[in-house]
Each structure stands twice: as structure tokens, then as C-alpha cells.
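See below for the structure under consideration.
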Amino acid sequence: MIDMLNAEMITGFQEHLLHWYRKNHRDLPWRRTSNPYYIWVSEVMLQQTQVDTVIPYYEEFISRFPTMHELARAPQEEVLKRWEGLGYYSRARNLQSGVQEVVEKYNAKVPENKKDLLSVKGVGPYTAGAILSIAYQKPEPAVDGNVMRVLSRIFLIDEDITKVKTRQTFETILYDLIPEMEASAFNQALMEIGALICKPKGPICEECPLAHLCRSKAEGTQLHYPVKKKKMKPKDEAFVAVVLKDTQEKLLIQKRPEKGLLANFWEFPLLEMSDTQEDPLKVVKSYFNKKNHDLIIEWTKSEQTVTHTFSHLKWHVNIVVGTLREGTLNLGKMSQWISEKALKEYPFPVPQQKVMSIVGIDY
DNA sequence: CAGGCGTGGAG
DNA sequence: TCTCCAAGCCT
């Protein structure tokens with residue numbers, strides 16, 4: 001398929017790439033260690049997340065959970081707290097259960113073979129390849145978005161990179177390209193080129209060590225690659241966030257379900273609205289009336305609305321503040337009253353933090 | 001396979 | 001303000 005892959009070309013590819021990497025790579029915290037657990041943590045954090053965002057989270061996470069044992073026995077609440085703001089929180093839950101698996105099943109030794117590694121929760125083809133190559137020096141491919149962008153431009157590969165099949169195409173090519181003895185530097189170099197040189201919008205081909213091999217550069221078609229199917233627009237959803245205080249200034253919060261969006265995070269009770277036009281105050285009153293007719297609550301509607309866009313959803317959150325004067329709310333175990341000061345101990349996702357900021361809660 | 005799953009930065 | 005993007009994995 002790739003007719004350019006003769007021995008001479010392969011050697012040239014490796015030499016130029018590695019030479020550039022030795023000279024130009026960034027000094028990143030996870031590049032100062034070969035501890036497989038640390039490499040693992042960094043790779044999970046880096047999934048769909050930029051390096052600059054990850055650095056402080058990585059430092060704090062490692063300092064709080066310096067070994068797999070400490071992460072394994074920590075309360076999930078605290079793990080989520082350390083992940084707060086990073087997004088894709090299933091990564092945190094899966095990382096912890098993956099680490100628990102490794103502690104119990106493999107005596108706290110991260111597996112060195114691909115089969116066992118891939119069976120660990122939260123470890124997919126990319127992360128397995130990254131750990132095997134970077135921590136264990138094994139010549140395994142680690143194909144992420146950077147690698148696909150770089151290689152698709154060099155070899156004019158026009159398959160849709162959102163498809164699994166396409167990732168496998170790149171892995172096949174890489175088994176021929178990866179130098180037996182320098183898989184770690186090679187894989188990281190390919191990603192570093194993608195991040196610093198072969199950028200999505202403005203590739204800096206003048207500085208690229210592989211420019212002389214790059215077929216899209218020769219054609220001037222760099223920006224046609226990689227080929228990627230367009231994403232759908234986020235769907236609109238409307239809610240009311242109920243910020244309810246009791247007479248002792250305590251706030252009502254509830255825990256989200258253990259599966260799905262923002263799983264296990266805390267929030268001010270969110271009521272679904274049928275459409276954006278509905279009156280939030282009306283929705284709230286009817287909800288609490290139905291629950292308990294003896295409640296006396298003073299309601300104030302905030303003029304402001306929080307909007308928050310996820311990968312696939314756009315939330316419109318109306319805010320209603322209330323004070324419970326009389327009556328008792330029947331609370332399930334997913335709800336509780338807590339002081340404003342205690343809020344800091346609980347993990348809250350960004351849309352809820354926006355609500356706090358609007359109603360003047362210090363978090 | 002397609003769709004669910006966050007957030008912040010860049011243009 | 002909006003679009004696209006960033007070291008993907010799970011179901």
C-alpha cells in the first residue's frame with residue numbers, strides 16, 4: 001500500500017525524526033520518569049487534553065497518589081476531586097479501577113505484554129502502545145490524533161481517521177517504521193512533531209525534519225489531511241438549577257447517578273424543562289408543591305442563565321434561588337444539606353461552578 | 001460501528 | 001460567539 005517503504009526510506013525517516021526530537025523536544029514532567037504507573041497516569045490525562053492543561057493536574061495527582069497502592073485505596077470522591085476541571089471523568093474512574101486491577105491481579109506491576117495491558121480498564125490501543133513503548137521500550141505503535149495527522153500528510157492517506165479500521169492502517173505502517181531499539185523516542189517524536197510542527201491549521205513545514213519525505217507538502221495539500229468526518233452539533237437541553245437554602249444557611253446538593261454524564265459528581269438539584277421558553281419559577285414551584293404541600297419556600301428567580309457546551313450537548317441552565325422557611329424535605333440518600341464552607345470538599349463539574357459564581361457562592 | 005463522554009485554548 | 005481541536009475509551 002505504501003510503496004515508499006523501502007529500507008532506505010525507513011532509515012531516513014527514523015534518523016531525521018530522532019535527530020530532530022533529541023534537539024527540540026519539550027521538557028515535560030512525565031518525560032523525567034520511566035515509572036510505568038506515572039507514564040500511565042500521564043497518558044490517560046493527555047487523552048483529548050492539551051499538554052499545558054495537564055501539567056498541573058499531573059503534578060498534583062502524582063503527589064497525592066505517589067504509588068498505585070495509594071490510588072487503589074483512595075475514596076473515589078477524592079480521585080474525582082483531583083480530576084475536577086479536566087473533563088471526561090470516566091477516565092478518572094476507569095484509571096482507579098484499572099490500578100486496583102493491577103494491584104490485585106498483577107501484584108502492583110503494570111503488565112509488560114499487550115494482551116494483559118489491553119484488558120485493564122481504561123487502557124485502549126493508544127495507551128497500551130504508549131506504556132509499552134515509553135515505559136518498557138517495546139517497539140509497539142501508539143497511534144493518536146497527532147500521529148494520524150502527521151502520517152496521513154506524509155503518505156497521503158485519505159481514510160476517515162474517526163474509524164477504527166483507519167487506526168489499524170496506521171499501526172500496520174508503524175510496525176515497519178518503529179526502530180527496534182528506540183521506540184520510546186520515536187513514538188514521542190511523532191507526537192511532538194504533530195503538536196509543534198505538523199499542526200492542524202498552520203503546519204510549519206520549513207522546520208519539519210520530514211518535509212523532504214512528505215507527499216502532501218510536495219503537492220501543497222497539507223490542509224486536506226487528515227480526512228475526518230464532521231461532528232454533529234451539540235443538542236440543546238434546558239434545566240433549572242435549584243439553589244435551596246434552609247434557615248441555617250445550609251445548601252441542598254445531590255449526587256448524580258453512578259453512570260452517564262458527570263457520573264458521581266455533586267450538583268444543585270437540576271429539573272428538566274421541556275423547552276427553553278418555559279418559566280423556570282413555575283417549573284420549580286410545581287415540582288416542590290407536588291413533593292410536599294406543607295413546604296413554605298421563598299423563591300427568587302435569577303435573571304442570568306448558565307450555558308455550557310459538552311461534546312454532544314448544550315445546556316441552558318436557569319437559576320432559581322430559594323429559602324426553606326417551614327416544612328421538611330424528604331431527602332433520599334443522594335441528597336444532603338451542607339454548609340457553604342463544606343462545598344469545597346465535594347467534586348462539582350464546571351456548569352455547577354458557573355451557577356455558584358452567579359449566585360455569589362464562594363467555591 | 002456510532003454515539004456518549006468535558007473542558008479550555010486558538011483562530 | 002462560534003467552530004474546531006487536544007497524547008481516546010467504553011458500550
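Since we're looking at a predicted model, the values are computed, not measured. By convention in this document, chain letters (A, B, ...) are assigned in the order of the sequence lines, proteins followed by strands, and residues within each chain are numbered from 1.
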Does [X] reach a base, just sugar-phosphate, or nothing at all? Heavy atoms under 4.0 Å.
X	answer
A:G87	base
A:W315	nothing
A:L28	base
A:G202	nothing
A:P234	nothing
A:R256	nothing
A:V123	sugar-phosphate
A:L86	base

Centres of the A:W83 and A:F61 rings: under 6.0 Å?
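Yes - the distance between ring centres of A:W83 and A:F61 falls below the 6.0 Å cut-off.
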With sequence neighbours excluded, what pairs up with A:Y37 under the ring pair (Phe, Tyr, Trp, His ring centres under 6.0 Å) test?
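A:Y37 satisfies ring pair (Phe, Tyr, Trp, His ring centres under 6.0 Å) with no other residue.
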Parallel, tilted or perpendicular: which describes the rings of A:F288 and A:W299, with under 30° parallel and over 60° perpendicular?
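The rings of A:F288 and A:W299 sit tilted, inter-plane angle from 30° to 60°.
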Of the candidate nucleotides [options], which contains the atom at the shortest distance from the side chain of [X]?
X	options	result
A:Y88	B:dC1, B:dG6, C:dC9	B:dG6
A:Q47	C:dG8, B:dC5, C:dC10	C:dG8
A:V164	B:dC1, B:dT7, B:dC5	B:dC1
A:K201	C:dC5, B:dG6, B:dC1	C:dC5
A:K228	C:dA6, B:dG8, B:dG6	C:dA6
A:Y89	B:dG6, B:dC5, C:dG8	B:dG6
A:N94	B:dC1, B:dC5, C:dC10	C:dC10
A:Q50	B:dT7, B:dC1, B:dG9	B:dG9
A:K231	C:dG8, B:dG4, C:dC5	C:dC5
A:D144	C:dA6, B:dT7, C:dG8	C:dG8

Using only side-chain N and O atoms of [X], determine if any of them is under 4.0 Å from OP1 or OP2 of [N].
X	N	answer
A:H312	B:dC5	yes
A:R149	C:dC5	no
A:T127	C:dC9	yes

[X]/[Y] ion pair, N-O < 4.0 Å:
X	Y	value
A:E77	A:K81	no
A:K109	A:E112	yes
A:K344	A:D362	yes

Answer whether the closest heavy-atom distance between the side chains of A:I157 and A:M148 falls below 4.5 Å.
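Side chain of A:I157 against side chain of A:M148, heavy atoms only: no contact under 4.5 Å found.
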Determine the Euclidean distance between corresponding P atoms of B:dG6 and C:dT11; express it in Å to zero decimal places.
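Approximately 14 Å lies between the P atom of C:dT11 and that of B:dG6.
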What interatomic distance, in whole Å, is found between C1' of B:dC5 and the corresponding atom of C:dA6?
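Per the computed distance, 15 Å lies between those C1' atoms.
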Rounded interatomic separation in angstrom, taking [atom1] from [X] and [atom2] from [N]:
X	N	atom1	atom2	answer
A:E258	C:dC10	CD	P	18 Å
A:E84	B:dC5	CD	P	19 Å
A:Y225	C:dC5	OH	P	16 Å
A:Q48	B:dG9	CD	P	17 Å
A:W83	B:dG8	CH2	C1'	16 Å
A:I55	B:dG9	CD1	P	13 Å
A:L80	B:dG6	CG	P	11 Å
A:L313	B:dG6	CG	P	10 Å

Tell whether A:S311 reaches the base of B:dG4 with its side chain through a donor-acceptor pair below 3.5 angstrom.
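Answer is no: no donor-acceptor pair is held.
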Distance-only donor-acceptor test, A:T49 side-chain atoms vs B:dG6 base atoms, 3.5 Å
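Such a pair is found, so the answer is yes.
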Let me know, please, whether A:T162 or A:R91 comes out on the 5' side of the other along DNA chain B by nearest nucleotide.
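It is A:T162, whose closest nucleotide lies nearer the 5' terminus.
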Starting from the 5' end of DNA chain B, give me the residue, A:H308 or A:K199, whose nearest nucleotide shows up first.
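The answer here is A:H308.
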Specify the residue among A:V51 and A:L118 whose closest nucleotide of DNA chain C lies further upstream toward the 5′ end.
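Looking at DNA chain C, the more 5' nearest nucleotide goes with A:V51.
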DNA chain C: A:V143 or A:K233, which has the more 5' nearest nucleotide?
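On the 5' side of the pair lies A:K233.
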Between A:Y126 and A:E43, do the side chains contain an N or O donor and an N or O acceptor separated by less than 3.5 Å?
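Yes, side-chain donor-acceptor contact under 3.5 Å.
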